[in-house]
4 protein chains.
Amino acid sequence: MREERKLQIIQAASRVFSRKGLAGAKMSDIAREAGLSHGHLYNHFKTKEELLATIVQMGQELYGRVLKGELAREGDAAGKLRRIAETVWFSGGMTGIYWVVLQTQASDVLPAETKAEISARMMLNLDLLTQIIEQGQREDTFTTGDPKEIATIAMMFLHNTGLWEIRGLGEPKHSMVDWLLKLVRK
Amino acid sequence: MREERKLQIIQAASRVFSRKGLAGAKMSDIAREAGLSHGHLYNHFKTKEELLATIVQMGQELYGRVLKGELAREGDAAGKLRRIAETVWFSGGMTGIYWVVLQTQASDVLPAETKAEISARMMLNLDLLTQIIEQGQREDTFTTGDPKEIATIAMMFLHNTGLWEIRGLGEPKHSMVDWLLKLVRK
Amino acid sequence: MREERKLQIIQAASRVFSRKGLAGAKMSDIAREAGLSHGHLYNHFKTKEELLATIVQMGQELYGRVLKGELAREGDAAGKLRRIAETVWFSGGMTGIYWVVLQTQASDVLPAETKAEISARMMLNLDLLTQIIEQGQREDTFTTGDPKEIATIAMMFLHNTGLWEIRGLGEPKHSMVDWLLKLVRK
Amino acid sequence: MREERKLQIIQAASRVFSRKGLAGAKMSDIAREAGLSHGHLYNHFKTKEELLATIVQMGQELYGRVLKGELAREGDAAGKLRRIAETVWFSGGMTGIYWVVLQTQASDVLPAETKAEISARMMLNLDLLTQIIEQGQREDTFTTGDPKEIATIAMMFLHNTGLWEIRGLGEPKHSMVDWLLKLVRK
DNA sequence: TATGAATGAGAATTCATTCAT
DNA sequence: CATGAATGAATTCTCATTCAT
């Protein structure tokens, strides 16, 4: 029904935005990708801008849920980080979103206010990752230093590895997790 | 005179493209940034596309020259990597270019042929970095493993740290070099 | 519906092109003449060039149908020629097209390839007229000589008389047919 | 010197205007054809419009001089017509002008006032040709009827045959004169 | 005179958005 | 809900014209 149709649009739009860039993605491209008429998009989203903002928000929240899930789980920090990386890199749909978020911050397609909200959510997620880093430090397996800085670097590594496909480097290998752990380990 | 004017346009365009995104950068923005009329841009570049392709090429070649310079120099691999990072992160003008290159590869603003040329130049530069990694391995200070894979990861780290400003994380700190070395060291 | 709308644009464009010349006809002029927004023209024709090429092709085909119709008909060659002239000069819409075709061939608004197609269609129509001349020669009422040359001259006379209005000489009189026949008769 | 340079521009412009159409002919095309910089054209003609008007006027006056020359000359009307045709078709430079004049009348590149002057000069020339037709009628070799109408048709034939090259039909043959005479003879 | 860099008004084209069906 | 024809603001690009050298 309605919610389902909306999701279908969001997923199509994610793919198109990450493939074509924010300004380069046309509403008609998105409609075609979703198998709908372009006019119909407007029955679900008032503007292209609203659609974009929705995608970004949903992507960030999905990512936040993954982080929270791992945080709440039993097990050591290294294992958590490993599973997060696997999810980000191989679950699909998530790496494209990050690329869209990045462009969102760089451009002024979205109004400053919306950009600020996105930034805030990004910080929220960074805090969650920071908590995992702190757990690793308590377990004495992660390197010492400002946990927030370490989380920042880990997050950067996490997301940018996800962009490999876009860069024409192919899908990241599973062994990339080891590099991530090399970075944060003692 | 003529060449100088062209360079002036290229520099202005680099700034605008990296600030606004490929499709979001308007020719009139670039003209204003360069302090020229928009019509005049077309006396130097036939189209926006040609201007973009020129910027990317020049940026990649500049980066290539930095790598070659370090490669030819005396000294250990760690020192070379350190100086490369300093240049990429703090010399200005270069980090923005990488962001533009990345968008270029992701979108289809440029024709496939041009994109292939950009990819080829990217691989060329990756080869140069690979040679530095190999030197580090011969010196027995860098971690073992496929030098090309290590170079790829180092390059990713190098460039994406440069995007911090865009992400609203501020300019990378000089201490980031230590993280890069932690990644590649034994 | 769709086809009808397209025809409406084509007819408006014919008028504007023949009134203002190829480069002088603005898309906005055509839109206004058709009673549409300029943007909508692009939902039917990708470019001004494509619109022009379509007009020319349709005009030539229409003219070809008139010739074929007469050729298939009973009656003597003189009568056929007479009716063709009447149609070309007084049916409206057709003389303007010829003027557009002429400019098309003279200028390089259209690519060489398209111009070649137009030339080919022109020759096709000339062949049809040649057949009528040959009939007249068989009937022994038309002057002897190379029928293709005679057809060429007759066609020239036919079309250029149609341009009288453009030259400010007013609409051709019906008696002009007699001049045409004087030219081809024994 | 100055007048010579001006003539050089006029001749180059004639070629370019007849090849590319009025709006399609760029000042830079004309400059290149004349072997000058485009800026320099403005030292001789205030605007493109003035240049065009000058070309047309000179062409019409040249044609008028040819007609006057024949009118003043001894000999029969048929011989005069024959020589006029030869001049118009084979002297070069003149046929292109007629094509330009024709476009001038059809378009509104020139202001109404200038167009009226051109029309007036056209009528003047038509009167000269009419006098030759009248001579032919007095000699009893030309067909009877309104001499002005005959002159109009003869002039049309004269000029449009000159357009053959533009239409891709090649240069008119010398034998075309016989067709012209067939048209006006008894 | 002669050049060509520079300008900006104007034309072609694109595409988000609306709306009748 | 769904469609796609229609609109027009915004952008790219062109080219006549100016002007410093």
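The chains referred to below are lettered A, B, ... by the order of the sequence lines, with proteins before strands, and numbering in each begins at 1. Atom set for the values below is all heavy atoms of this structure, side chains included, hydrogens, waters and symmetry mates excluded.
- Distance CZ (C:Arg2) to C1' (F:dG4): 9 Å, rounded to an integer number of Å.
- Contacts with DNA chain E (heavy atom under 4.0 Å) in residues 42-49 of chain A: A:Tyr42, A:Thr47, A:Lys48, listed by number.
- Atom CG in C:Leu7 sits about 17 Å away from atom C1' in F:dA5, given to the nearest Å.
- In this structure, B:Lys20 atom NZ and F:dT11 atom C1' are separated by 13 Å, rounded to whole Å.
- When side chains are defined from C-beta on, C:Phe45 does not count as touching C:Leu52, because their heavy atoms never get closer than 4.5 Å.
- The separation between B:Met1 atom CE and E:dT3 atom P is 19 Å, rounded to whole Å.
- Look at CG on B:Leu41: it is 13 Å from C1' on F:dT14, rounded to the nearest Å.
- Residues D:Ile10 and D:His44 fail the side-chain proximity criterion, which asks for heavy atoms closer than 4.5 Å.
- The shortest distance between side-chain heavy atoms of B:Glu49 and B:Val109 does not fall below 4.5 Å.
- In this structure, C:Trp99 and D:Trp99 have perpendicular ring planes: the angle between them is above 60°, well past the 30° mark.
- The pair C:Glu33-C:Lys20 does not meet the salt-bridge criterion, since no charged nitrogen lies less than 4.0 angstrom from a carboxylate oxygen.
- Rounded to whole Å, the distance from CG on D:Leu51 to P on F:dT17 is 10 Å.
- Between the C1' atom of F:dA16 and the CD1 atom of D:Ile9 lies a distance of 15 Å, rounded to the nearest Å.
- Taken residue by residue, residues 23-38 of chain C places heavy atoms nearer than 4.0 Å to DNA chain E at C:Ala25, C:Lys26, C:Met27, C:His38.
- Residues satisfying the side chain to side chain donor-acceptor pair (under 3.5 Å) criterion with D:Glu117, sequence neighbours excluded, are absent altogether.
- Side chain of A:Lys115 to backbone of A:Ser107: a donor-acceptor contact under 3.5 angstrom is found.
- Under the 4.5 Å side-chain criterion, counting only non-hydrogen atoms from C-beta, C:Leu22 is in contact with C:Val100.
- Side chain of C:Gln103 to main chain of D:Gly21: no donor-acceptor pair is present (N/O by atom type, distance under 3.5 Å, no hydrogens or angles).
- For B:Ser28, the side-chain contact (heavy atoms from CB on, under 4.5 Å) partners are B:Lys26, B:Arg32, not counting sequence neighbours.
- For the contact set between residues 103-117 of chain D and DNA chain F, defined by any heavy atom under 4.0 Å, there are no members.
- Of the candidates A:Glu4, A:Arg5, A:Gln11, A:Gln8 forms a side-chain hydrogen bond (donor to acceptor under 3.5 Å, both in side chains) with just one, namely A:Arg5.
- Contact annotation: the side chain of A:Met58 never approaches that of A:Leu62 to less than 4.5 Å [non-hydrogen atoms, C-beta and beyond].
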Show your working on side-chain contact (heavy atoms from CB on, under 4.5 Å) between B:Lys48 and B:Leu51 and close with a plain yes or no.
CA-CA 5 Å; B:Lys48 178 177 169 181; B:Leu51 173 54; 5.6 Å; no

Where does DNA chain F pair, written as one dot-bracket string 5' to 3', with Watson-Crick or G-U pairs under 3.5 Å, ( ) inside the strand, [ ] for crossing pairs and | for another strand?
.||||||||||||||||||||

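- Rounding to whole angstrom units, CD of residue C:Glu3 and P of F:dA5 are separated by 11 Å.
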